[in-house]
Amino acid sequence: MQELLKRLGIKEVNDGAYCGEWLETNGRLIEVRSPIDDSLLAKVKSATAEDFDVVRSEAQKAFKVWKMIPAPKRGELIRQIGLELREHKDDLGKLVTLEMGKILTEGLGEVQEMIDMADFAVGLSRQLYGKTMQSERPSHRMYEQWHPLGAIGIISAFNFPVAVWSWNAFIAGVCGDTMIWKPSSSTPLTAIAVTNIVHKVLERNDVPKAIFNLTIGTGSTVGEKLINDTKVPLVSATGSCQMGKRVYMALSKHYGRAILELGGNNAVVVMEDANLELALKAVLFGAVGTAGQRCTSTRRVLLHESIFDEFAEKLKKAYKSVSIGDPLDENILMGPLVSKAAVNDYQTALTKIKEQGGKIIYGGKVLKENVPGTQYVLPTIAIAENDFPIVQQETFAPILYLIKIKDIDQAIELHNDVPQGLSSSIFTNNMQYAEQFLSHKGSDCGIANVNIGTSGAEIGGAFGGEKETGGGREAGSDAWKAYMRRQTNTINWGKEMPLAQGVEFDLD
Ligand code: UN1
């Protein structure tokens, strides 16, 4: 492990701020422990408010230069970062596992997601299209173009400690923005490793060095600085609904833009005609994968009454064979929860399920036998009602609620009857059910799937959701537009000065 950390440039004690070079920081010391066995991985000296100011000012200076470099040249830099990530995929993927506890194949998948994002951003750097439109005035041309926005902020969560940064950073990068990244304080080492990789590429290119900046620290220090800074025009934030609301309120005071990707309460609908084997695989990965700690994790299954018992039995059997333990071991399917606090949330939710009339039919227990560390829990299945308060909230743990439905209309009604709106799916071979689910009468989520699960979205689509999920979109499609400012241009190439809407305003 020491060798791996060394290869990624992680020292015993690391500085917590970067703006083209590492700043000597002296904020609170963070001890980064692995959720696998509580072992100490390394320490990080957090950034202070003053460190943040230095980083912000460097990011703003760099913006002035970076925005003048043609977008395809900016894309070239991202291409090189993508190549470096390929080189470091194994090490970085393993560090993701060590630091936050997801199983190795998922750690590697996360780095692959970064590589895919880099490739996408490179192509995008030759596009960033604006439209031309028809002017109502003779001899006039109208069009729109997209300009870089500024030095923006990126707040990322522990569960996708590096991929979500890349969704934002690579797009913002080709758009001509510079950025300040505030990673979760539980996963600063992967952020340092990524920054070291980026630094290598910056060094060998003739570009400003403070494009991809980093400040590690608590929400109350660097987080507050970032969201209250009137000179930061956009903050993209991933995390809880509660955090998102704070970000949104702070930004609104200075008309800052927000891209919010917050909590989900994702459901899979399984209709009476569904291929249950497919549904089973998707629900298992959606609910147990990443130990239920994805914002896209499956939290509810809305099961048609005619297959309820059969599906519940199959699911129980599948849950029984999920191997839990060291996420670096390739035979393991579920690793630990990220922290003791997460285990507490899991336990609190179990108590509430029982209090509110739910029935736990599998799991519901912290696994002490998997010590060292007591952050291993049994994935849990409970029979519940959609309107239980505990079902209405997102618990970031592997707890799945089974809810009975009678028909497609009721399925959709219950499906949408939660405060969040991120990801959704239906299992059916009935075209009418599927189309209804995808229609405006159907799922109210930002992501809606047929015969695949709620988690594991590809980067090519725009990622995000509605309601308390925050409304932001990141990654693919035209999500890049939020990272740029739109300008509408009208050019008069004629010899008259006609006014729009037929207004006359002549002196004679
Ligand atoms: C998240 O949990 O914040 O769709 C992101 C997925 C992943 C991304 C999840 N590609 O599950």
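What you see is a predicted model; the values in this text were computed from it and never measured. Just so you know, ligand 1 is whichever comes first in the structure, and atom 1 is the first atom listed for that ligand. The first residue of the sequence shown is numbered 1, and numbering continues consecutively from there.
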Next item on the list: Report the residues that fulfil side-chain hydrogen bond (donor to acceptor under 3.5 Å, both in side chains) with Glu31, sequence neighbours left out, ordered by chain and then residue number.
Entry: Arg33
Notebook entry, point to check: Looking at residues at least two apart in the chain, or sitting in another chain, which of them share a side-chain hydrogen bond (donor to acceptor under 3.5 Å, both in side chains) with Thr454?
Noted result: Thr298
Notebook entry, point to check: Can you name the side chain to side chain contact (heavy atoms under 4.5 Å, CB included) partners of Tyr248, sequence neighbours left out?
Noted result: Ala258, Leu260
Check: Near ligand 1, which residues have a heavy atom under 4.0 Å away from one of its atoms?
Finding: Glu113, Asn159, Phe160, Trp167, Glu261, Arg294, Cys295, Thr296, Ser455, Gly456, Ala457, Phe463
Note to self: Using 30° and 60° as the class boundaries, would you call the ring planes of Phe396 and Phe158 parallel, tilted or perpendicular?
What the structure shows: perpendicular
Next item on the list: Taking the six-membered ring of Tyr129 (Phe, Tyr or Trp), confirm whether the NZ or CZ of Lys481 is under 6.0 Å from its centre and within 45° of its axis.
Entry: no
Notebook entry, point to check: Would you say the side-chain atoms of Gln392 and Asp387 include a donor-acceptor pair closer than 3.5 Å?
Noted result: no
